[in-house]
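See below for the structure under consideration.
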There are 2 protein chains.
Amino acid sequence: MVEKTRRQAIEDAASALFHAHGYSGTSVRDIARAVDIQGASLYAHVTSKQDVLWSIVERTAARFEAAADAIEAADPGAATFGRGVYLIALVRAHVGVVTDDIERASVFVHEWRALEGHRREEIARRRDAYEDRFRTVIADGVRAGAFHAVDPVATAAYVLTALNGLVSWYKPDGRLSARVIADTYADLSLRAAQAPRMPA
Amino acid sequence: MVEKTRRQAIEDAASALFHAHGYSGTSVRDIARAVDIQGASLYAHVTSKQDVLWSIVERTAARFEAAADAIEAADPGAATFGRGVYLIALVRAHVGVVTDDIERASVFVHEWRALEGHRREEIARRRDAYEDRFRTVIADGVRAGAFHAVDPVATAAYVLTALNGLVSWYKPDGRLSARVIADTYADLSLRAAQAPRMPA
DNA sequence: CCTACCGATCGGTAGG
DNA sequence: CCTACCGATCGGTAGG
């Protein structure tokens with residue numbers, strides 16, 4: 001249990017440092033200093049710097065996936081949800097994961113490219129599959145006439161990068177609460193995709 | 001002239017490397033290798049690695065500013081432009097600068113934080129002033145009843161981070177041309193901010 | 001633009 | 001979790 005707490009503290013410290021200075025801008029001694037141990041002592045708890053990054057990125061990827069899965073679980077195949085409601089739910093889920101742990105979300109968004117080999121490839125695949133949820137709901141909405149989006153791929157990229165942009169400005173103690181941001185971002189995203197109710 | 005070409009080649013190579021691996025993930029020897037000289041020889045052309053970053057970031061900041069200034073110059077005080085037209089022009093200008101030089105735009109968006117001291121502060125100020133152009137046009141549009149945006153600050157952040165997100169997916173030889181992306185992104189941004197023509 | 005070199009720091013290991 | 005240490009690489013300088 002003590003061991004686990006230490007490991008958790010190391011990942012917390014690494015998340016904050018990777019968020020602030022990037023993976024390659026952070027040394028293992030920076031991380032060690034943040035948890036008050038010697039640089040070399042870090043290796044009693046982790047096998048490598050890459051391993052710490054992987055742990056942060058993988059767990060955060062899983063959180064995004066779980067949040068989106070919960071929507072699908074609530075209404076399989078979107079049997080009763082309209083596409084607008086579905087898109088709103090996806091946006092809210094994403095914003096929630098970001099605001100719940102801004103540092104880890106930031107590392108997931110910006111530092112996954114520092115992953116090496118098959119781990120990097122795995123995350124690239126999972127990110128694409130996740131983005132595809134946005135593409136699909138938008139494309140479905142366009143087909144149903146509820147959405148206007150000319151290009152679902154570009155629209156999904158627009159929306160998702162806007163949501164991810166939160167990691168560069170959200171402050172937990174800022175003027176706008178996580179709740180207000182979720183409301184606002186859901187509204188903006190729906191509005192961007194939606195067809196006008198009464199075309200001019 | 002030969003000297004100038006070399007310096008330009010160094011900044012081109014540095015832009016590509018900073019874009020791909022980040023500032024701290026790129027060594028001066030990486031840059032030197034890309035222009036086929038020895039690491040130490042780089043210092044015949046630049047005074048420091050920081051200096052190269054500064055040069056790239058400052059010039060790119062100036063390009064974003066000039067593109068936005070050109071809109072204001074075309075219609076001072078937006079005397080004849082509607083706010084929607086003005087926002088669309090800002091979005092198109094921004095997208096144009098990004099797609100015109102994706103690598104430098106990427107360095108500007110992601111690596112300006114690696115700047116040190118007063119240079120970092122200067123860019124932080126200029127970025128804020130630039131973002132303020134978006135906040136202002138949106139706030140003006142809300143006052144005039146043309147826009148719906150509940151919070152102009154959050155809306156400006158949403159739109160601008162979506163535009164900046166282009167640096168992580170735009171490919172000059174991709175399926176979507178710079179022109180199509182500019183059209184699509186202008187449409188999405190206006191739609192996100194706009195009041196419905198006929199409220200339901 | 002090169003060779004030769006600087007002190008500092010890098011991620012990580014050995015051995016306790 | 002520590003001290004002591006490893007080879008490699010870092011940004012940069014000297015002197016031509």
Side-chain angles (χ1 to χ4, degrees), chain A residues 1-58 107 110-120, chain B residues 1-58 107 110-120:
Chain A
M1 200 60 74
V2 169
E3 193 68 19
K4 246 194 176 170
T5 294
R6 245 320 177 204
R7 166 78 197 213
Q8 195 63 32
I10 288 168
E11 283 185 24
D12 286 349
S15 297
L17 288 163
F18 293 168
H19 169 49
H21 310 292
Y23 175 76
S24 54
T26 302
S27 73
V28 295
R29 280 158 183 85
D30 290 334
I31 300 169
R33 191 179 310 116
V35 294
D36 268 310
I37 60 174
Q38 293 299 311
S41 303
L42 208 75
Y43 291 88
H45 304 282
V46 305
T47 62
S48 70
K49 189 185 167 191
Q50 264 282 311
D51 181 62
V52 176
L53 176 64
W54 169 250
S55 188
I56 295 167
V57 169
E58 201 284 327
V107 174
H110 287 132
E111 303 303 323
W112 72 273
R113 282 165 214 271
L115 252 18
E116 291 159 11
H118 71 279
R119 287 172 160 183
R120 187 187 149 126
Chain B
M1 199 61 72
V2 170
E3 194 68 18
K4 247 196 175 170
T5 294
R6 240 330 171 199
R7 166 79 197 211
Q8 196 61 33
I10 288 168
E11 283 185 25
D12 287 349
S15 297
L17 288 163
F18 293 168
H19 169 48
H21 310 292
Y23 175 77
S24 55
T26 301
S27 72
V28 295
R29 280 159 183 83
D30 290 333
I31 301 169
R33 191 179 310 116
V35 294
D36 268 310
I37 59 175
Q38 293 298 311
S41 303
L42 208 75
Y43 291 88
H45 304 283
V46 306
T47 63
S48 69
K49 190 186 166 190
Q50 265 283 310
D51 181 62
V52 176
L53 176 63
W54 169 249
S55 188
I56 295 166
V57 169
E58 201 285 326
V107 175
H110 287 131
E111 303 303 324
W112 71 275
R113 282 165 213 269
L115 250 19
E116 291 160 12
H118 72 280
R119 287 172 160 183
R120 187 188 149 125

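Atoms considered below: every heavy atom in the structure, side chains included; atoms not considered: hydrogens, waters and symmetry mates.
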note: A:Arg7, atom CZ; D:dC1, atom P; distance rounded to Å ~ 14 Å
When rounded to whole Å, the CG to P distance for the pair A:Asp30 and C:dA8 reads 18 Å
Considering Watson-Crick and G-U wobble pairs with both distances under 3.5 Å, what does C:dG16 pair with? D:dC1
Tell me, do B:Val52 and B:Tyr23 make a side-chain contact under 4.5 Å, heavy atoms counted? no
Could you state the CD1-C1' distance from A:Ile31 to C:dG11, rounded to the nearest angstrom? 11 Å
When rounded to whole Å, the CZ to P distance for the pair B:Arg6 and C:dC1 reads 4 Å
d(CD, A:Glu116; C1', C:dG12) in whole Å: 14 Å
Checking all strands, does B:Ser24 fall into the base, sugar-phosphate, or nothing category for heavy-atom contacts under 4.0 angstrom? nothing
Does B:Ser27 put a side-chain nitrogen or oxygen below 4.0 Å from OP1 or OP2 of D:dC10? yes
In this structure, how many angstroms lie between the C1' atom of D:dC10 and the CD atom of B:Gln38, rounded? 16 Å
Side-chain heavy atoms of A:Val57 within contact of A:Arg120, under 4.5 Å: no
Checking base pairs now: Watson-Crick or wobble, both atom distances under 3.5 Å. What partners D:dG11? C:dC6
Test item: B:Gln50 side-chain N/O and B:Ala114 main-chain N/O as donor-acceptor pair under 3.5 Å: yes
Can you tell me how far apart OG (A:Ser24) and CZ (A:Arg113) are? Round to the nearest 0.5 Å. 13.5 Å
Length of the line joining A:Ile37:CD1 and D:dT3:P, which is rounded to integer Å: 12 Å
Out of D:dG11, D:dA4, C:dG11, minimum distance to the side chain of A:Ala40 belongs to D:dA4
With a cut-off of less than 4.0 Å, is there a side-chain N or O of A:Arg29 near OP1 or OP2 of C:dG12? no
How many angstroms lie between CZ in B:Arg119 and CG in B:Asp51, if you round to the nearest 0.5 Å? 5.5 Å
Considering only C:dC1, D:dT13, C:dG12, which nucleotide approaches the side chain of B:Ser41 most closely? C:dC1
Whole angstrom value for the distance that separates C1' of D:dC10 from CZ of B:Arg33: 13 Å
